[in-house]
Number of protein chains: 2
Amino acid sequence: MTQRKSKADRRIELIDAARRAMIQHGAEGVHLNQIAEEAGLTSGAVLYHYPDLRDLLIEAHHAGMERFYEQRMKKITGIADPAQKLIVTIRSGLPQGPDDAGVRLLCELGGAAGRNRVYGTLLTTLYDRQVAMYQTILEVGAAHNAFTLAQDSETIGRNLVALEDAYGYRIVARHHSIGADEAVELILGYARLATGHALKLTAAPHRTTAARRPATPRAQSA
Amino acid sequence: MTQRKSKADRRIELIDAARRAMIQHGAEGVHLNQIAEEAGLTSGAVLYHYPDLRDLLIEAHHAGMERFYEQRMKKITGIADPAQKLIVTIRSGLPQGPDDAGVRLLCELGGAAGRNRVYGTLLTTLYDRQVAMYQTILEVGAAHNAFTLAQDSETIGRNLVALEDAYGYRIVARHHSIGADEAVELILGYARLATGHALKLTAAPHRTTAARRPATPRAQSA
DNA sequence: TGGGTATTTGAATCACGATTCAACAAACAT
DNA sequence: ATGTTTGTTGAATCGTGATTCAAATACCCA
């Protein structure tokens, strides 16, 4: 038998398993057995911890968002220069590639958010938090005279997050000429106009091209 | 018995029924019976025309995109002034409200595009077409000295479509303070910087607020 | 008008995932 | 050690939607 775990530990594992399963099979198309398998358990055990599967899915989405947001924050804390901070923040909001787990999960949610209020709220909340994050960077930069904002920080923040989101979708959909690097450059194009700062890239980009490996062949569903 | 239709006619009806059903139940969560009911037929009849349901779904998505694109084109053809044309184009890319059918369907597709190559290609193609549409408007405007482009037209076009897409998601997810009007203003904020044109709104906006009716209560799925 | 054909129905069947639950076993307490 | 608690299994059952197909019927045409 699989090693027993405390209720709390197992629930955390299940949340993560659900997250992985949803990325593979879709936020709504995912099956109980797929989550169980991902967790190395049987379906009965999953039900023991989450009698209503929807609760698990919501928690998994919530956890995915927290993780996404925390990872971004971790990457930018400690950067003093506002311009560098802005550049790194933009990059951190984009997927590494078409298979980036964090962004994939968020994209899954987009469609469901139109039908399900809980998901809509979840996604909206994340959006607002990211806007606030950008606003802080922008205003600090303006206060330090690094940036000369051409619009109010809310407008710029909203547009920056919007651009990130949209290019995330493009990258996940494997656009042939827009990869993470290209998206960064496109978003920076706007950021330069909005901040009046040259926002020069210094560090080497994480990836160099949009072209990608042929990817692991995997059964398609719908 | 339901009135008989020619194969071609019935297929067109089914494509539209599938489109409606997907908007209600999700691009992937939709069931054969729901499509049949929407078409006023039984499941057997649907299978008679589309032995593989996936073919129908793909055609429905394709049709939805064509319709979306054609509607946009119809709205802007005949507008001579580049600035007005740009403004109307931006508005036409946004949903009327959270229940806008065309955009809802596109949003449904976003998540699936990460898992399904066909859907990814479909969505990518639409994106590129829209970018090209904007590029034309921008370049004509620049040729007429109406616009002074701050970036190359491809960058501006890509960013404009990206912004539209992203605000479409926000509106569909019922963001409390971003409705179609607010989204237009946000996107115009960027467009003004990029074109050097004031892009003043003349016609009354279609809707006046982001606040919406409480909406028809409907059973939630996932 | 009547025969032929294409479309649709509806019931039967199949397939698969969710749900239940008694039995079992790992950890824990004493 | 032994008993108790708690997490897990696995088989049985249930429910739902997909699939099949013979029968019924609407439409077409000679």
Side-chain angles (χ1 to χ4, degrees), chain A residues 1-61 108 112 115-116 218-222, chain B residues 1-61 108 112 115-116 218-222:
Chain A
M1 188 182 290
T2 310
Q3 189 192 9
R4 274 177 50 142
K5 288 280 177 67
S6 78
K7 205 147 187 146
D9 286 354
R10 187 60 85 196
R11 281 175 72 103
I12 290 171
E13 281 190 12
L14 283 175
I15 287 170
D16 212 56
R19 211 174 49 78
R20 293 196 301 275
M22 281 195 286
I23 289 165
Q24 277 179 61
H25 306 103
E28 306 198 277
V30 79
H31 292 301
L32 173 58
N33 288 319
Q34 295 165 337
I35 295 172
E37 188 184 8
E38 198 69 41
L41 293 174
T42 59
S43 61
V46 177
L47 264 335
Y48 173 78
H49 293 284
Y50 286 93
D52 188 337
L53 201 59
R54 289 172 300 186
D55 294 337
L56 172 55
L57 297 185
I58 288 172
E59 286 193 36
H61 276 296
E108 287 293 344
R115 265 169 292 109
N116 185 314
R218 183 183 292 155
Q220 302 267 339
S221 49
Chain B
M1 191 182 283
T2 309
Q3 189 191 12
R4 277 176 48 143
K5 288 281 176 66
S6 77
K7 205 145 187 145
D9 286 353
R10 187 59 87 197
R11 280 174 73 103
I12 290 170
E13 282 190 11
L14 282 175
I15 287 170
D16 211 56
R19 211 175 49 78
R20 293 195 303 275
M22 279 195 286
I23 289 163
Q24 278 178 60
H25 306 103
E28 306 198 277
V30 79
H31 292 302
L32 173 58
N33 288 318
Q34 296 164 339
I35 295 172
E37 188 184 8
E38 198 70 40
L41 294 173
T42 60
S43 61
V46 177
L47 266 332
Y48 173 78
H49 292 283
Y50 286 94
D52 188 336
L53 200 60
R54 289 171 300 186
D55 295 336
L56 173 55
L57 296 185
I58 287 170
E59 287 193 35
H61 276 296
E108 286 294 343
R115 264 169 294 110
N116 185 313
R218 183 184 292 152
Q220 303 269 339
S221 50

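Computed from a prediction, not measured in an experiment: that's the story for all the values here. All chains are named by letter (A, B, ...) in the order of the sequence lines, taking the proteins before the strands, and each is independently numbered beginning at 1.
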Exercise. Measure from the side-chain N and O atoms of B:Arg20 to the backbone N and O of B:Glu38, and report whether any donor-acceptor pair falls under 3.5 Å.
Key: yes
Quiz item: What does B:Leu53 touch in the nucleic acid at a heavy-atom separation under 4.0 angstrom: a base, only the sugar-phosphate, or nothing?
Solution: nothing
Exercise. Look at the side chain of B:Arg4 and the base of C:dA6, then say whether one donor and one acceptor between them are separated by less than 3.5 Å.
Key: yes
Self-check item: Nearest-nucleotide 5' precedence on DNA chain C, A:Thr2 against A:Val30
Solution: A:Val30
Quiz item: Of all the choices, D:dA18, D:dC27, C:dT20, which nucleotide is nearest to the side chain of B:Gln3 once you look at every atom?
Solution: D:dC27
Quiz item: So how far is it from B:Leu14 CG to B:Asp9 CG, rounded to the nearest 0.5 Å?
Solution: 11.0 Å
Quiz item: At what distance, to the nearest 0.5 angstrom, does CD1 of A:Ile15 lie from CD1 of A:Ile35?
Solution: 11.0 Å
Quiz item: Taking CD from B:Glu13 and P from C:dT7, how many angstroms apart are they, rounded to a whole number?
Solution: 13 Å
Practice problem: Please report, rounded to the nearest Å, how far the P atom of D:dT20 is from the CG atom of B:Leu32. | Solution: 12 Å
Exercise. Nearest 0.5 Å please: distance from the CG atom of B:Leu41 over to the CD atom of B:Gln3.
Key: 11.0 Å
Practice problem: Report the nucleotide, chosen from D:dT19, D:dT9, C:dT8, that has the shortest atom-to-atom distance to any side-chain atom of B:Arg10. | Solution: C:dT8
Exercise. For A:Asp9 and C:dC28, give me the distance from atom CG to atom C1', rounded to whole Å.
Key: 15 Å
Quiz item: Over how many whole Å does the gap from A:Asn33 atom CG to D:dG10 atom P extend?
Solution: 13 Å
Practice problem: Determine: side-chain N/O of B:Lys7 to OP1/OP2 of C:dA6, distance under 4.0 Å, yes or no. | Solution: no
Self-check item: Distance in Å, B:Glu28 CD paired with B:Glu108 CD, rounded so as to fall on 0.5 Å steps
Solution: 8.5 Å
Self-check item: Below 4.0 Å: OP1/OP2 of C:dT7 and any side-chain N or O of B:Tyr48
Solution: yes
Quiz prompt | A:Glu37 CD - D:dT9 P separation (whole Å) | solution = 13 Å
Practice problem: Give the rounded distance in Å between these two atoms: NE2 of B:His49 and C1' of C:dT7. | Solution: 6 Å
Quiz prompt | Distance, rounded to the nearest Å, where A:His31 contributes NE2 and C:dT19 contributes P | solution = 12 Å
Quiz item: In whole angstrom, what separates A:Lys5's NZ from C:dC28's P?
Solution: 13 Å
